[in-house]
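Scroll down for the structure; my scribbles are underneath it.
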Protein chains: 2
Amino acid sequence: MKPQARNISNNASATFSPLYRQIKALLLTSLELGEWRPGEAIPSELGLASRFKVSQGTVRKAIDELSAENLLVRRQGKGTFVATHKEPHAHFRFLRLRPMEGKQDYPQMHLLDCRRGRAPVEIARILELKPGEGVVLLRRILSFHGVPTVLDEISLPGNIFKGLTAARISGSQGSLYNLFEAEFGTRMIRADEQIRAIPADAIASELLKVDIGTPLLCVDRVTYTYGDRAVEFRRGLYRTDRHYYSNTLA
Amino acid sequence: MKPQARNISNNASATFSPLYRQIKALLLTSLELGEWRPGEAIPSELGLASRFKVSQGTVRKAIDELSAENLLVRRQGKGTFVATHKEPHAHFRFLRLRPMEGKQDYPQMHLLDCRRGRAPVEIARILELKPGEGVVLLRRILSFHGVPTVLDEISLPGNIFKGLTAARISGSQGSLYNLFEAEFGTRMIRADEQIRAIPADAIASELLKVDIGTPLLCVDRVTYTYGDRAVEFRRGLYRTDRHYYSNTLA
DNA sequence: CAGTGGTCTAGACCACTCT
DNA sequence: GAGTGGTCTAGACCACTGC
């Protein structure tokens, strides 16, 4: 009908972008504000089309991108759903360790500490906190078949994760990210990892039950939520005698 | 016009698949057979639409997928081109090492050997060769700013890389994959990597100029060409004192 | 059956590139 | 201006889900 009615918003000076990207941005805002919760269905394509006064095809293209980014999940005949870390297999989207032999099994978590403190400058910079602002500090072990394999040290912004306690973690099911999205309204959607090989120090050696100096993968991860806001820094030390870090280059 | 004229091929028993996937398969075949060479333009969308007797939109969707898979590259106003490893930055699509300080720089290659031999069982299995079939074996060092950083040992099927010699490699520009696609008609399109941390042995220690036992990343890579055929196995040992392996989880 | 996402078409017009 | 990819629409029908 009206082909080039550009830019829905009132902001006339906004950079031009295709309609479907504007729709995408609107959907993104709704997701961020929690208009639809993880696991729930969003309105149908035709519904959204009429809400936004565009054609179904335009809505489709917006949803296509969001589902390519793992923010939405389409299910033919049922609807389009907000992605979630609830499903068990989602565990392995952010944990790329695979066993050298046998099939993938779920790790068991053992929490070492959960305390509050001030953010060191380096962490504060990454998490975009004011220097000295509060953080929650977690340490934990992941074991496969009883073998301690991952030692994680996790830093989170204190203001977002106010009520986070050891009990709350130990009592929860599935991954931490599932807990975070269900209980704290913060959904992790992307992470950047930097991987190096380092020798095990005394602490890692004891906790992972390997000799001091044993080569370990050191995986530094920054995790982002909506709008590319960094909300987690994590250093993981991985034993790689029975597992490897798996990656696909495409 | 004629909505559901399914399946272009004569094979009536073929599994049904949407038209655009059939178009995609046809394009894939043309790419594999080299109907258009790396870097060249393929016919326009309208041209392909009329060749295949479908609408432009259907061709677009096929090309969309191929370009999402990095097999084609669209350039608005110019055309759609066969992807290539020619561009310098393509180097880093398959080499995920990033400097901890300073900006990305191009590695210098030093070839150690290039010889022919029989494939060990393990390699033969990976490359789907008959046991004992010929392979080409390459070893090389990659250095950044004169610092030896990567030691690669590369196995290739001998029948595909018949004329591959040390001189041919040393005289070439850019990445090995560029050489392979330009001179041997084999384009690498995807790779799976398995990463572990291991201590440097005597050989690695000498070649990478680190102490014996220094933790190194051990990156085992299987590389695939069209049709998911494995055509390279590579073991890389990476120093990670000045670089890290970079990865994004999405 | 109605409602959802998935495919396909035909046609219009925009944005970009090159000549 | 001609030719390319990029966006958008309107409408049709298919495939799947669940009532």
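Predicted, not measured: the structure shown is a model, and the values here were computed from it. Order of the sequence lines sets the chain letters (A, B, ...), proteins ahead of strands, with each chain counted from 1.
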Legend entry - Pair A/Q194-B/Y244, side-chain donor/acceptor within less than 3.5 Å: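 Indeed, the side chains of A/Q194 and B/Y244 share at least one donor-acceptor pair under 3.5 Å.
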
Legend entry - Donor-acceptor pair between A/D64 and A/Y20 side chains, under 3.5 angstrom: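 No - no donor-acceptor pair under 3.5 Å links their side chains.
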
In whole Å, what is the span from the [atom1] atom of [X] to the [atom2] atom of [N]?
X     : N      : atom1 : atom2 : answer
A/E45 : C/dG6  : CD    : C1'   : 8 Å
A/R74 : D/dT17 : CZ    : P     : 16 Å
B/L72 : D/dG5  : CG    : P     : 11 Å
B/Q56 : D/dT9  : CD    : P     : 17 Å
B/L66 : D/dG5  : CG    : P     : 14 Å
A/I63 : C/dT7  : CD1   : P     : 14 Å
B/L19 : D/dC13 : CG    : P     : 17 Å
A/F52 : D/dT9  : CZ    : P     : 13 Å

Inset, instruction - For the pair B/Y106 and B/H91, name the ring-plane relationship: parallel under 30°, tilted 30 to 60°, perpendicular over 60°. - result: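 Judged by the thresholds at 30° and 60°, the geometry between B/Y106 and B/H91 is perpendicular.
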
Inset, instruction - Just call it for B/R60: base, sugar-phosphate, or nothing, with non-hydrogen atoms closer than 4.0 Å on any strand. - result: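 Touches a base.
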
Legend entry - Pairwise distance CD1(B/I23) to NZ(B/K53) - rounded to 0.5 angstrom: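 Between atom CD1 of B/I23 and atom NZ of B/K53 there are 11.0 Å.
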
Legend entry - A/I195 CD1 to A/Y238 OH distance, which is reported to the nearest 0.5 Å: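 With rounding to 0.5 Å, CD1 (A/I195) is 7.5 Å from OH (A/Y238).
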
Legend entry - Pair B/R190 + B/E69, salt bridge at N-O below 4.0 Å: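 No, B/R190 and B/E69 are not salt-bridged.
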
Inset, instruction - Taking only Lys NZ, Arg NE, NH1 and NH2, and the carboxylate oxygens of Asp or Glu, determine whether A/R74 and A/E45 approach each other closer than 4.0 Å. - result: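 Result for this pair is yes, salt bridge flagged.
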
[N], OP1 or OP2 - any side-chain N/O from [X] closer than 4.0 Å?
X     : N      : value
B/K61 : C/dT7  : yes
B/T58 : C/dT9  : yes
B/T80 : D/dG5  : yes
B/R75 : C/dC16 : no

Legend entry - Under the 3.5 Å Watson-Crick or G-U criterion, the dot-bracket string of DNA chain C, with | for inter-strand pairs: ||||||||||||||||||.

Inset, instruction - Between A/Y20 and B/P43, just flag the one whose closest nucleotide in DNA chain D comes earlier from the 5' side. - result: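 Nearest-nucleotide comparison on DNA chain D picks B/P43.
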
Close N/O contacts between protein and nucleotides 17-19 of chain C (under 3.5 Å):
unit_1 : atom_1 : unit_2 : atom_2 : d
C/dC18 : OP1    : B/K78  : NZ     : 3.4

Inset, instruction - Give a yes or no on whether the backbone of B/F144 and the side-chain of B/D105 come within a donor-acceptor separation of less than 3.5 Å. - result: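 Looks like no, no N/O pair under 3.5 Å.
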
Inset, instruction - Apply the side-chain hydrogen bond (donor to acceptor under 3.5 Å, both in side chains) test between A/Y177 and each candidate in A/H85, A/R187, A/E232; give the one that qualifies. - result: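 One option only clears the test, and that one is A/E232.
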
Inset, instruction - Output the single nucleotide from D/dT9, C/dC8, D/dG5 whose closest atom is nearest the side chain of A/V54. - result: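 So the nucleotide nearest the side chain must be D/dT9.
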
Inset, instruction - Measure across A/T84 and A/P38 and return the closest heavy-atom pair with its distance rounded to 0.1 Å. - result: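 Shortest heavy-atom separation between A/T84 and A/P38 comes out as CB-CB, 4.0 Å.
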
